[in-house]
Chemist: 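Let me give you the structure first, and then I'll get to my questions.
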Amino acid sequence: MLHFIDVILPIPVENLFTYVITEAESDFIKPGMRVAVPFGKTKVYTAIVKRIHNTPPEIYEAKQIQQILDEYPIVTEAQLRLWDWMANYYLCTVGDVMRASLPNAFILESETLISKNKDKVINDTDLRDDEFLIYEALQHQSSLRIQDIVDIVDRKQVFPIIKRLLEKEAIVVEEEVFEKYKPKLVKYVKLQNQHTTQEGLQKLLEELSRAPKQRDVVMSLFQLSAKTKKAIKVSELVEASGASASIIKSLIDKSVLEEYFIQTDRIEYNGEASEASKVLNLEQTEALSQIKTTFETHQVTLLHGVTSSGKTEVYVKLIEEVLKTGKQVLYLLPEIALTTQLVNRLQIYFGEQVAVFHSKYSAHERVEVWNNVLYNSSKAQVVLGARSSIFLPFNALGLIIVDEEHEQSFKQFDPAPRYHARDTAVVLAHIHGSKTLLGSATPSLESYFNVQQGKYGLVEITKRYNNVLMPDIELIDVKDKQKRKLMTGHFSDRMIQVMAETLEEGHQIILFQNRRGFSPIVECKTCGHAPECPNCDVSLTYHSYRNQLRCHYCGYNMAMPLKCQACGDTSLDTKGFGTEQIEEEVKVLFPKHKTGRMDLDTTRGKYGYEKIITAFEQQEMDILVGTQMLTKGLDFRNVALVGIMNADNLLNFPDFRAHERSYQLLSQVSGRAGRTEKQGKVLIQTYNPFHNILQQVSTNNYQAMYKEQMDDRYNFKYPPVYRLIRVTLKHKDFNRVNMASIWLGKAFRQVFGDYVLGPVDPPVARIRNQFHKNILIKIPSKQSLGGTKKAIVKINSSFMNVKDFRSVRLILNVDAY
Ligand code: ADP
Ligand code: ZN
């Protein structure tokens, strides 16, 4: 009897491929193992075994595999099921999903380039002969192709050797220019050595007798050190002594104190769990028990808890219970919310059981987490990760938590699979027979809709922890202020006044300026010409820190011109305002206070993001100006005022979710204010103080927002009432993409009638010299999703058969919002 395997290739082909294997191989091979297989005339790929059977393929003669690469499956059966679901639901190939799932180092193929791992010292004696040959060759050549390696070792089947070299970390697979995950530097203080003896301290206190504040700091530090053996953070000292950071700074300058840094590395956390989890208050206890009750009847529960209601502590209790049963927990959150703050908080409770998975991890780190998860190692009981961690090989998954479930960044836009991690998580949990908990202070309409439909359970926490009041939100009418000449730059008199009061009280301020669609562009005051990107249909934006004009879509940049390129006049004006401009203005308004900025530009460098957060946390800055990045789950104790510079461009953004998103964003930013005792203050500057969304934000009225937005979604046939599939066509020739999109629109209309919108130009119709057209297909809830997709796929294949259209790229995006 002949034996065959069906394998998944990491390329976008529709079908699985069948290879023939020997009897012995068939005893050994299991689904989920990797095999090296020949493909086409010359290529070799790493494929994943899907099925083992005895039926030869009908159309072609099965080739033999080259080699089995694993001793055990590296992909679980549950993953294979999830891959099928994703390919099917998101209209892509299983190969697309495979490529997105596996760490790069797992997918060797003939195109793979390998090079020497410069970060690792390898002893020749640790290498086998064939390994040594390759390693040796890499001393002289920066990289090698698979074919080169075949020649060097004079053998066809080289993947196993490469795999061993990868495992020994002697080599790396090309394309792995990942940034290392950013460790956090925490600042600590101690007394300088000469003051630590009994006499030394006595003498010091005498010296400081005329500076009582400084003396208090020294006393506090001494008491703290006596109490705990651990190093003392600057922030702890600030808290214990009640002194400001500047007093501590002056003691450092006087050489009384010494500051030093310790790097808290997130992946190699060696600490023990050092604290028991917190005792829940009444609301949290109630919420926890309700969650468990809803889980008896629901697969998914939504925890709707206002900002700072203590949702995280509720998650912690649930996690504890799941861990007790020996199962794993996946804790998903948006990339940018994956801060050290949260990681540290969980590590305090769970010690090294916490594993972090991040797209910025190096290949080796990814493989390490992968294996820890696969073997249910004690080091990966709680996996904390961004969207791609749904691809990890869980084998005993007990619970998935999706925090900040409303966040758009859970959706992958490019490349395929264009999945939504929250929705995929629900399916993943289902495959494992476990539950999903979604959490948010501002749930997405679709999740809340699922609650209303009875699909999801709902649990609410309406009070902040410790009964801290919700921030007091005040709307400022910019139009009125302008009329009465009460604006200084972009600041209203009211904003300036409250800022001054806040600073006076020693509290910190966050100023929020939305970046999207609102970077400053340059315009000629004389002729009105605005420089545009040569490759994309957008204006270039001005970046003063490099005095450059840049394209946000393709990265094109040029030096800021001295005069208008159209009329030659020198009166160029930077219109609009971004974070940079706000920062400049603040510095003029409050020259004595320290201002910082957090946006893509300032966080780009190494540790940029962490450094700013840490500095702000430790109160080295009084005012932080920032973009969206500020909204995500950060817990700053001392922030008493949040100022929103301009709410209007959020509201006016051309997207059917603009209002929902504005509500979420504004509520989340507001939530950063007053997270401890004192009630926080939020000021929102706007031209439309009577806009419903702003009213709803200022009264914290989620229900009203939900109801009003849902009415719109019903009326205009948008999600979550209708499903949405977006078809994008791209080509460098405008006429061709235009014709193709008209053809396709017509074909869709024949099947779906009025539920087809377009073709239309997207807001930016040309990107990187490719013209884009969009067609939207709306699917009523009663219409079969499967059937609709089949019809779409069928139309697409006839489209591809039109000769003129073959070169047009077609992109399908399911739930494209
Ligand atoms: P959320 O996730 O809902 O925004 P957090 O979980 O961050 O809220 O909680 C807000 C703050 O309240 C945190 O600083 C947290 O440490 C504190 N907190 C929450 N619950 C408790 C508790 N049961 N005991 C002590 N502190 C708590
Ligand atoms: Zn461009």
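For the numbers below, each heavy atom of this structure counts, side chains included, while hydrogens, waters and symmetry mates do not. In listed order, ligands and their atoms are each counted from 1.
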Chemist: Taking only heavy atoms of T312, which atoms of ligand 1 are found under 4.0 Å from at least one of them?
Modeler: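 Those of ligand 1 that fall under 4.0 Å from T312 are 2 (O), 5 (P), 6 (O), 7 (O).
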
Chemist: Do S444 and R422 pair up side chain to side chain, a donor and an acceptor below 3.5 Å, judged on atom types alone?
Modeler: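 Present: a donor and an acceptor within the cut-off.
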
Chemist: What do we get for E404 next to ligand 1 when only non-hydrogen atoms under 4.0 Å count, side chain, backbone, both or neither?
Modeler: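 The answer is neither; E404 stays 4.0 Å or more away.
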
Chemist: Pull out every atom of ligand 1 sitting under 4.0 Å from any heavy atom of V279, numbered as shown with elements.
Modeler: 22 (C), 23 (N), 24 (N)

Chemist: Distance under 4.0 Å to a non-hydrogen atom of L280: what atoms of ligand 1 satisfy this?
Modeler: 23 (N)

Chemist: Do the side chain of K435 and the main chain of F295 share a donor and acceptor less than 3.5 angstrom apart?
Modeler: yes

Chemist: Please test E708 against Q696 for side-chain contact (heavy atoms from CB on, under 4.5 Å), starting from the C-alpha separation and ending with a verdict.
Modeler: CA-CA 10 Å; E708 192 184 344; Q696 288 151 2; 2.7 Å; yes

Chemist: State, without any angle test, whether Q668 and Y663 hold a side-chain donor-acceptor pair at a distance under 3.5 Å.
Modeler: no

Chemist: If we only consider heavy atoms of R464, is any one of them less than 4.0 Å away from an atom in ligand 1?
Modeler: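 In this structure, R464 fails to qualify as a contact of ligand 1 - no heavy atom is under 4.0 Å.
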
Chemist: Please identify which atoms of ligand 1 are closer than 4.0 Å to at least one heavy atom of E313.
Modeler: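 This gives 6 (O), 16 (O), 19 (C), 20 (N), 21 (C) as the contact atoms.
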
Chemist: Under 4.0 Å, heavy atoms only, figure out whether ligand 1 is touched by the backbone of I461, its side chain, both or neither.
Modeler: neither

Chemist: Is there a polar contact between ligand 1 and T307, counting only N or O atoms under 3.5 Å apart?
Modeler: no

Chemist: Under the rule for side chain to side chain contact (heavy atoms under 4.5 Å, CB included), what residues qualify as partners of V427, not counting sequence neighbours?
Modeler: L82, W85, I431

Chemist: Quick one: look at K311 and ligand 1, take heavy-atom pairs under 4.0 Å, and tell me if it's side chain, backbone, both or neither.
Modeler: both

Chemist: Please determine whether any non-hydrogen atom of G305 lies less than 4.0 Å from an atom of ligand 1.
Modeler: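 Flag not set, G305 not near ligand 1.
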
Chemist: Is the ring pair Y702/Y706 parallel, tilted or perpendicular, if the boundaries are 30 and 60 degrees?
Modeler: parallel

Chemist: Provide the number and element of each atom of ligand 1 under 4.0 Å from a heavy atom of S309.
Modeler: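 Under 4.0 Å from S309, ligand 1 has these atoms: 1 (P), 3 (O), 8 (O).
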
Chemist: Can you confirm whether more than 12 heavy atoms, excluding those of E504, are under 6.0 Å from its CD atom?
Modeler: no

Chemist: Under the side-chain hydrogen bond (donor to acceptor under 3.5 Å, both in side chains) rule, collect the residues that match up with D648, sequence neighbours excluded.
Modeler: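 Checked D648 against side-chain hydrogen bond (donor to acceptor under 3.5 Å, both in side chains); matches are T686, N688.
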
